[in-house]
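Below you'll find the structure, written out as structure tokens, and then a few comments.
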Amino acid sequence: MKDTEVQNAITGGALERLINVLEEQNKILRDQCEQAERVGDTLDEVVNALDMLGEVLRDGLANLIP
């Protein structure tokens, strides 16, 4: 094997490992993005529920005050 063939084999192996690591990190980031979207959706639901609760409380207080 020539020196350049050995260098290419080493570089190729290192490149393959790097690609595998980057693909794994990409999967992790996708999962985290999906989790963040779900959290955002949940927060939207909480805000909507609090808005409804505020309206109910406001209406209830309005009925108590003559």
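Values in this document were obtained by computation on a predicted structure and should not be read as measured data.
Within the hydrophobic cluster formed by Ile, Leu, Val, Met, Phe, Trp and Tyr side chains joined at under 4.5 Å, directly or through other members, Val21 stands alone, with no partner residue.
The CG atom of Leu22 sits 10.5 Å away from the CG atom of Leu29 when rounded to the nearest 0.5 Å.
Residues satisfying the side-chain contact (heavy atoms from CB on, under 4.5 Å) test with Asn26, not counting sequence neighbours, are Arg30.
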Exercise answer: donor-acceptor pairs, residues 32-54 side-chain atoms, under 3.5 Å, sequence neighbours excluded:
from: Thr42; atom 1: OG1; to: Arg38; atom 2: O; distance (Å): 3.0
from: Asn48; atom 1: ND2; to: Asp44; atom 2: O; distance (Å): 3.3

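Put simply, the side chain of Asn20 does not reach to within 4.5 Å of the side chain of Glu24, judged on heavy atoms.
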